[in-house]
**Q** 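Sharing a structure here in structure tokens format.
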Amino acid sequence: MTDDLLSLSTDEFIAGIDAVASKFDSAAYPQQYLPAEDWALLVRAGVLLPTLPSRYGGRDSHVEMCRAVETAAEWNLALGVYVIVNTALALLPVVKWAGEEAQEEMLPLFSGGDPLRAGLAATEPGAGSALSAMTTAFEEVDGGYRIRGRKHWQALSSSAHWWLVVAKHEHRREYGYFIVRRDEGFRTVQLYDALGLKLLDYGVNDIDVTVPRHRRINAEERGVDSVDLFLASRSLLAAAGAGFLRRISREAHAYADGRRIGRKRQSRIGFVRYRLAAIDASATICEAFSHYLQTELDFKGDMTPAFPAVQALKTVATERIVRAAQNYQQLTGGEGYRCGSPTNIAGQAFLDSRVFTVFDGNNDMLSQQLAAHCLTRRGGLPLSEFLAGWPLTAPAVDTLKTDLSFLDRPLDQSHQVLAGRAIGYLFAVTSVLKWAEETGADPGRLWPAVEFLRHDITGVAAEFRLMASGIVGDEDPAEPVGAGAGRPFPFAGSDLTGTG
Ligand SMILES: Cc1cc2nc3c(=O)[nH]c(=O)nc-3n(C[C@H](O)[C@H](O)[C@H](O)COP(=O)(O)OP(=O)(O)OC[C@H]3O[C@@H](n4cnc5c(N)ncnc54)[C@H](O)[C@@H]3O)c2cc1C
């Protein structure tokens with residue numbers, strides 16, 4: 001099947017994905033696990049090919065990975081997540097770091113048109129944000145490794161054929177990634193009824209497998225900085241946001257133009273226009289992030305230096321996704337509280353988007369990590385001065401001319417989370433300015449987005465003042481969490497990741 005697909009230009013290829021993804025339109029597509037035959041439509045349109053190298057029949061394209069997710073998410077946010085899980089979360093680490101024997105065994109199967117699925121199993125009932133608490137263990141046995149444990153919340157729990165399983169050495173402080181086939185001993189013992197993202201199956205998975213030696217991806221041995229393993233899927237949430245919010249913005253305007261409240265069109269009401277402007281600003285910010293993803297990052301190369309940018313992309317994009325879905329639902333009134341309303345997709349948008357600030361690293365933790373990253377690099381400068389010179393934030397500081405001196409104080413855990421949010425907003429302003437300059441975007445879209453982000457930073461300053469009133473009391477110095485807790489889980493670059 002792939003020969004025809006391999007000769008297409010990027011635009012033709014994405015148009016093919018778009019045509020197939022339109023069949024999954026969230027306005028009409030059933031809220032149920034995606035059947036294999038429907039996944040087959042996308043696989044045959046080539047949705048996995050950008051992730052795969054050419055020697056295994058792939059198109060090997062970072063930009064197409066981003067655009068495929070954006071396209072899928074515009075039709076159906078859950079479909080965008082489905083694509084991210086199979087590509088960036090599960091296949092990409094194999095493409096980048098598995099040995100040749102494991103690649104030969106697995107990757108050609110994914111370019112052949114069969115509706116195979118793959119997932120990543122890291123989270124456990126007792127180990128979510130702090131993965132170093134995981135109890136799934138591996139031991140060396142004759143010819144390979146035995147891995148035993150319990151995972152939960154894996155996307156595609158009961159349907160993925162191939163798994164990347166993260167486990168800890170039985171006795172040593174050492175982590176390993178293993179490529180596992182479901183039929184080797186990956187059993188789904190309970191299915192969860194998730195609030196949204198109904199196209200994906202989630203649940204509890206028991207693992208008792210023995211895999212041959214070549215199925216271990218030893219990130220450290222291959223000289224890989226393991227931070228990299230999570231960054232592609234995390235940053236693709238911004239691409240999903242770009243597609244999703246383009247649609248939400250379009251549909252919110254259409255709804256408000258069509259709805260009459262009394263004798264007035266809803267879209268003529270002042271505060272409705274304010275909510276629409278907030279949705280539009282969110283769409284602009286994610287579009288700028290999508291541009292950043294495509295022009296500044298390369299999933300196929302070393303992503304480690306992109307760590308701070310990815311933390312900012314994920315946290316700001318997902319916050320915007322959730323807020324815009326909430327604004328849209330407010331505008332659609334009671335109709336937005338119905339499943340399957342003929343006038344809007346607000347209910348589904350709200351339920352599908354809610355988890356974005358939780359999964360793939362909860363936002364509070366990622367914000368803390370972003371602040372910690374800057375604090376360790378500021379070389380004795382006050383944080384505000386560091387940010388004024390740091391390439392990811394300097395253009396924003398220069399443009400906004402906002403007082404950031406509230407950041408120049410000792411930052412305990414809660415203040416690091418808040419500071420990380422402010423840094424994320426500054427990064428977003430920089431991205432929006434860059435996008436506008438490089439694409440010649442309409443200033444009527446640029447400046448409202450900048451002003452909404454300025455307001456977000458002012459909001460963080462107000463939260464610093466609120467904290468100073470003593471509302472949370474003293475922090476417990478004996479229980480450090482987050483970035484302050486050191487680096488016991490190497491794959492995430494710190495103790496805490498959260499995946500999927
Ligand atoms: C829909 C969905 C899909 C998922 N997909 C996958 C997947 O494919 N594979 C996989 O392995 N896992 C997956 N997960 C698991 C997901 O990554 C975890 O839920 C996430 O890491 C959070 O872990 P937890 O649920 O145990 O929450 P906890 O670790 O208990 O955290 C709960 C809350 O505590 C707070 N918190 C924690 N740490 C900090 C901190 N440092 N600073 C401030 N606040 C903090 C935050 O508010 C956080 O939201 C998925 C989860 C969901 C809901």
Side-chain angles (χ1 to χ4, degrees), residues 77-78 80-91 93 117-136 149-160 162-167 177 180 186 188 191-205 207 229-230 233-234 236-237 240 311 314-315 318-319 322 351-372 411-421 472 475-476 479-486 489 491-492 494-500:
L77 186 58
V81 173
Y82 207 101
V83 174
I84 292 174
V85 169
N86 277 283
T87 57
L89 197 60
L91 282 180
R117 278 147 286 179
L120 173 88
T123 309
E124 301 181 3
S129 304
L131 278 178
S132 59
M134 80 173 61
T135 55
T136 299
R150 169 166 283 196
K151 301 283 183 184
H152 82 155
W153 268 120
Q154 280 63 55
L156 312 180
S157 279
S158 62
S159 58
W162 288 84
W163 286 95
L164 269 191
V165 175
V166 191
Y177 257 67
V180 170
F186 189 103
T188 303
L191 280 173
Y192 287 161
D193 187 9
L195 289 181
L197 300 178
K198 297 281 191 187
L199 271 53
L200 297 100
D201 43 305
Y202 294 102
V204 180
N205 299 298
I207 301 167
L229 286 165
F230 293 97
S233 63
R234 192 170 284 167
L236 274 173
L237 296 178
Q311 306 299 87
K314 194 275 180 178
T315 51
T318 56
E319 186 180 286
V322 172
L351 290 172
D352 285 346
S353 62
R354 178 59 194 94
V355 77
F356 274 59
T357 58
V358 174
F359 68 8
D360 229 332
N362 79 71
N363 277 20
D364 294 342
M365 180 185 81
L366 299 188
S367 296
Q368 183 194 352
Q369 292 175 346
L370 178 56
L411 298 174
D412 56 19
Q413 200 271 338
S414 51
H415 287 87
Q416 283 185 32
V417 173
L418 292 176
R421 279 183 19 215
V472 288
E475 284 182 17
D476 181 358
E479 297 239 7
V481 292
F489 181 70
F491 289 107
S494 77
D495 181 18
L496 8 104
T497 173
T499 49

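All values derive from a computational prediction rather than experimental measurement. We count ligands from 1, going down the list as the structure has it; atoms in each ligand are counted the same way.
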**Q** Is there a heavy atom of V85 sitting under 4.0 angstrom from any atom of ligand 1?
**A** no
**Q** With a cut-off of 4.0 Å, which atoms of ligand 1 are near a heavy atom of Q413?
**A** 40 (C), 41 (N), 42 (N), 43 (C)
**Q** Using a 4.0 Å cut-off to any heavy atom of V355, which atoms of ligand 1 qualify?
**A** 1 (C), 53 (C)
**Q** Using a 3.5 Å distance criterion without hydrogens, assess whether the side chain of N86 forms a donor-acceptor pair with backbone atoms of Y82.
**A**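 Yes, N86 side chain to Y82 backbone: donor-acceptor pair under 3.5 Å.
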**Q** Would the distance check show the side chain of S157 and the main-chain N or O of T188 forming a donor-acceptor pair, the cut-off being under 3.5 Å?
**A**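 Judged by distance alone, no pair lies under 3.5 Å.
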**Q** Just by distance, do the side chain of D201 and the backbone of S158 share a donor-acceptor pair under 3.5 Å?
**A** yes
**Q** Between V417 and ligand 1, does any nitrogen or oxygen pair lie at a separation below 3.5 Å?
**A**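 No: no nitrogen or oxygen of V417 is under 3.5 Å from one in ligand 1.
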**Q** Return yes or no for this condition: an N or O of A130 is under 3.5 Å from an N or O of ligand 1.
**A**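 For ligand 1, there is no N or O atom that lies under 3.5 Å from one belonging to A130.
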**Q** For ligand 1, indicate whether the residue K151 contacts it via side chain, backbone, both or neither (heavy-atom separation under 4.0 Å).
**A**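 No part of K151 is near ligand 1 at this cut-off.
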**Q** I'd like to check whether L120 has a polar contact with ligand 1, where a contact means an N/O of the residue lying under 3.5 Å from an N/O of the ligand.
**A** yes
**Q** Between N362 and ligand 1, which part of the residue brings a heavy atom under 4.0 Å of the ligand: side chain, backbone, both or neither?
**A** side chain
**Q** Report the residue from K314, Q368, E319 that forms a side chain to side chain donor-acceptor pair (under 3.5 Å) with N363.
**A** K314
**Q** Around L195, counting heavy atoms of other residues, nucleotides and ligands shown, do more than 12 lie under 6.0 Å from its CG?
**A** no
**Q** Taking distance alone, with no angle check, do E124 and ligand 1 share an N/O pair under 3.5 Å?
**A** no
**Q** Tell me whether Q154 contacts the main-chain N or O of G119 through its side chain, where contact means a donor paired with an acceptor under 3.5 Å.
**A**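 No.
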**Q** Closer than 4.0 Å to some heavy atom of D364 - which atoms of ligand 1 meet that?
**A**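 Ligand 1 atoms under the 4.0 Å threshold to D364: 43 (C), 44 (N), 47 (O).
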**Q** Could you tell me whether a side-chain N or O of K151 sits under 3.5 Å from a main-chain N or O of V165, the two making a donor and an acceptor?
**A** no
**Q** What are the atoms of ligand 1, with element, lying closer than 4.0 Å to any heavy atom of T123?
**A**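 Result: 10 (C), 11 (O), 12 (N), 13 (C), 14 (N), 15 (C), 16 (C), 17 (O).
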**Q** Using the ring of each side chain (for Trp, its six-membered ring), is H152 parallel, tilted or perpendicular to Y192, with breaks at 30° and 60°?
**A** perpendicular
**Q** Test your reading of the structure: does S129 have an N or O sitting under 3.5 Å from an N or O of ligand 1?
**A** yes
